[in-house]
Amino acid sequence: MTIEEVLEITNQVENIDGDDVYILNRGMYKGIDKLRQRVEKEKEDCMFSMLNEDVEFMCNNFGFALAFRPVKWKNSKKWIPCLIYRYKDEWRRVVIQYANCLKCDWNGSIANPTDPDLYITLENRFDIMKKMNQLSFCKCPKCGSEISGKAIWTEGSDICYE
């Protein structure tokens, strides 16, 4: 997306990991409607079909938002969407993954902040990834045991950090 297209959706700027990004949260109804209209027009584009899933996830789960982050592409700057989660009063880039408990029968979605693709365009990406790997991670919301992925949010749990 171009900056003009992003500004049609949101003008709220936050700094995440040293990167100024544009934020769209679940309370920004006009921006969500504009984004959904854009997604409908561009439904053949893979990025927009994935973006539609992220918008639905954000709207159905507290603490999540979308960040449009700058990525240099050839001679221009593109704005790529990324899910973020509010963790200990800071926004964290996350990918939604499927995980399971290593002891009981729980399985569900998790928000993982350690995926390297989240930081690939940042100059200090290795320092940020090291910091993300040192966070307190969630345990199983059912029995409290280890789960199969690194998560700062798990489906079925309100808050999973101390």
Side-chain angles (χ1 to χ4, degrees), residues 1-99 108-138 148-155 160-161:
M1 297 179 78
T2 66
I3 188 61
E4 293 79 17
E5 293 166 329
V6 171
L7 290 173
E8 288 178 14
I9 297 164
T10 180
N11 62 2
Q12 181 179 335
V13 177
E14 298 255 353
N15 189 286
I16 302 175
D17 303 319
D19 216 4
D20 285 336
V21 300
Y22 287 87
I23 303 287
L24 177 68
N25 66 49
R26 66 193 247 163
M28 301 169 91
Y29 304 113
K30 287 182 183 178
I32 291 171
D33 286 342
K34 287 181 182 182
L35 182 56
R36 283 184 171 145
Q37 290 170 12
R38 179 73 196 272
V39 166
E40 184 60 30
K41 287 179 191 172
E42 305 283 345
K43 60 185 168 190
E44 299 301 317
D45 185 314
C46 181
M47 182 190 80
F48 282 99
S49 64
M50 290 187 301
L51 182 56
N52 192 43
E53 291 176 20
D54 288 346
V55 169
E56 291 306 313
F57 187 88
M58 171 190 75
C59 289
N60 292 319
N61 293 280
F62 183 76
F64 287 89
L66 277 173
F68 294 90
R69 59 191 173 121
V71 175
K72 291 179 185 170
W73 180 256
K74 297 181 182 176
N75 292 330
S76 64
K77 191 186 286 188
K78 298 290 183 185
W79 294 84
I80 307 298
C82 170
L83 265 177
I84 55 176
Y85 178 68
R86 195 80 174 163
Y87 174 82
K88 294 186 179 181
D89 295 325
E90 290 187 59
W91 288 113
R92 298 290 184 205
R93 300 164 195 243
V94 295
V95 293
I96 303 303
Q97 298 173 330
Y98 184 80
S109 296
I110 65 169
N112 181 346
T114 66
D115 188 304
D117 288 344
L118 296 168
Y119 311 101
I120 198 163
T121 60
L122 299 176
E123 288 182 27
N124 59 341
R125 65 187 168 275
F126 298 112
D127 294 332
I128 295 169
M129 288 188 309
K130 182 178 178 182
K131 182 179 174 183
M132 293 305 110
N133 277 292
Q134 295 170 346
L135 296 175
S136 299
F137 294 112
C138 300
S148 63
K150 293 183 178 180
I152 58 174
W153 171 90
T154 58
E155 184 176 13
C160 59
Y161 54 85

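None of the values given here were measured: they were computed from a predicted structure. Keep in mind that the numbers below use all heavy atoms, side chains included, and drop hydrogens, waters and symmetry copies.
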*Let me see the working for Gln12 and Tyr22 under side-chain contact (heavy atoms from CB on, under 4.5 Å), right down to the final yes or no.*
CA-CA 6 Å; Gln12 181 179 335; Tyr22 287 87; over 6 Å; no
_side-chain contact (heavy atoms from CB on, under 4.5 Å), that's the test. Do Asp54 and Leu66 meet it? Break it down for me._
CA-CA 8 Å; Asp54 288 346; Leu66 277 173; 3.9 Å; yes
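Residues Glu90 and Arg92 are paired through a salt bridge, judged by an N-O separation under 4.0 Å between the basic side chain and the carboxylate.
Residues Tyr119 and Met132 are in side-chain contact: their nearest non-hydrogen atoms beyond the backbone lie under 4.5 Å apart. The shortest side-chain heavy-atom distance between Val39 and Val55 does not fall under the 4.5 Å cut-off. You'll find the side chain of Phe57 reaches within 4.5 Å of the side chain of Leu83, heavy atoms only. Side chains of Phe137 and Thr114 form a contact here, defined as non-hydrogen atoms less than 4.5 Å apart.
Ring geometry, Phe64 versus Tyr85: the interplanar angle falls from 30° to 60°, so the pair is classed tilted.
Formation of a donor-acceptor pair under 3.5 Å by the Arg125 side chain with backbone atoms of Leu118 is not found in this model. The main-chain N or O of Thr2 is found under 3.5 Å from a side-chain atom of Glu5 such that the two form a donor-acceptor pair. Checking side-chain atoms of Asn124 against main-chain N and O of Asp127 turns up no donor-acceptor pair under 3.5 Å.
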Side-chain donor/acceptor pairs under 3.5 Å, residues 23-35, sequence neighbours excluded:
residue: Asn25; atom: OD1; partner: Gly27; partner atom: N; Å: 2.9
residue: Asn25; atom: OD1; partner: Met28; partner atom: N; Å: 3.4
residue: Arg26; atom: NH1; partner: Asn61; partner atom: O; Å: 3.4

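Between the CH2 atom in Trp79 and the CD1 atom in Ile9 there is a gap of 12.5 Å [rounded to 0.5 Å].
Every side-chain hydrogen bond (donor to acceptor under 3.5 Å, both in side chains) that Asp17 has, sequence neighbours left out, goes to Arg93.
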